[in-house]
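Keep in mind that what you see is a predicted model, and the values were worked out from it rather than measured.
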Amino acid sequence: MGMGIIKIANAKQKLKRSITPKKNGLLGATDSPKKGHFAVYVGETNRRYVIPISTLDHPLFRELLHWAEEEFGFDNSEGGLKIPCSEDYFEGLISLINST
């Protein structure tokens, strides 16, 4: 029982390190993602997350990108990669991806 709690705590720490939410939602020159990462905008409030590029290789994330393409297409005049799901769903998906 105690091991399960430790695994959950470790997963939460990994999630906090692997995704960095930004509340301002805009990408400024000083707010660029670090090397090997990219920004996505999630949910109705377009909350910004910076995630590792390696996430692009995961089949679940590719499915999410396909869903985003259907929702927004590639001609997005507002800029940025938008993901049409809730923040909770996105954070859960990234947590699942990071645990595999």
Side-chain angles (χ1 to χ4, degrees):
M1 188 107 171
M3 292 301 289
I5 293 172
I6 292 171
K7 287 182 180 181
I8 290 171
N10 288 340
K12 285 184 178 181
Q13 287 175 346
K14 285 181 183 179
L15 177 62
K16 285 179 184 176
R17 285 192 302 258
S18 67
I19 61 174
T20 308
K22 299 289 183 183
K23 296 208 183 239
N24 63 1
L26 298 175
L27 180 62
T30 60
D31 206 15
S32 298
K34 62 183 177 180
K35 187 174 183 176
H37 292 74
F38 68 103
V40 295
Y41 299 88
V42 178
E44 292 180 9
T45 61
N46 289 324
R47 186 170 179 185
R48 182 174 181 256
Y49 290 86
V50 177
I51 59 176
I53 289 177
S54 60
T55 307
L56 291 169
D57 288 333
H58 199 281
L60 290 175
F61 194 78
R62 287 183 184 205
E63 184 63 30
L64 188 62
L65 288 177
H66 180 69
W67 183 25
E69 177 190 2
E70 289 176 354
E71 182 78 19
F72 296 109
F74 287 117
D75 185 25
N76 183 2
S77 61
E78 295 177 23
L81 177 57
K82 293 186 179 182
I83 306 292
C85 65
S86 71
E87 293 172 23
D88 289 337
Y89 179 86
F90 182 77
E91 289 176 5
L93 179 71
I94 294 297
S95 179
L96 178 65
I97 290 170
N98 289 336
S99 70
T100 58

### Task
Starting from the C-alpha separation in whole Å, work towards a yes-or-no answer on side chain to side chain contact (heavy atoms under 4.5 Å, CB included) for Ile94 and Tyr49.
CA-CA 10 Å; Ile94 294 297; Tyr49 290 86; over 6 Å; no
### Trace of the side chain to side chain contact (heavy atoms under 4.5 Å, CB included) decision for Tyr89 with Leu64
CA-CA 11 Å; Tyr89 179 86; Leu64 188 62; 4.1 Å; yes
### Query
Which class fits the ring pair Phe38 and Phe61: parallel under 30°, tilted 30 to 60°, perpendicular over 60°?
perpendicular
## Note on the structure
For residues 35-45, the salt bridge (Lys or Arg N to Asp or Glu O under 4.0 Å) pairs (sequence neighbours left out) are none
### Query
Side-chain contact, heavy-atom cut-off 4.5 Å: Asp57 with Arg62?
yes
#### Entry: By salt bridge (Lys or Arg N to Asp or Glu O under 4.0 Å) - contacts of Glu87 (at least two apart)
Arg47
## Note on the structure
Here the gap from Leu65 atom CG to Leu60 atom CG, rounded to the nearest 0.5 Å, amounts to 11.5 Å
## Note on the structure
Closest non-hydrogen atoms of Ser86 and Val42, given as atom of the first, atom of the second and distance, are O-CG1, 3.8 Å
### Task
Would you give the length of the straight line joining atom CD1 of Ile97 to atom CG of Leu56, rounded to the nearest 0.5 angstrom?
9.5 Å
### Message
Just verifying a value: how many Å separate Asn98 CG and Ser54 OG, rounded to the nearest 0.5 Å?
### Response
7.5 Å
### Non-hydrogen atoms of Cys85 and Phe90 that approach each other most closely
SG-CB, 3.8 Å
### Summary
Between the OG atom in Ser32 and the NE2 atom in His37, the distance rounded to the nearest 0.5 Å is 13.5 Å
### Minimal non-hydrogen separation, Val50 against Pro33, with atom names
CG1-CB, 3.8 Å
### Task
To the nearest 0.5 Å, tell me how far Ile51 CD1 sits from Leu93 CG.
9.0 Å
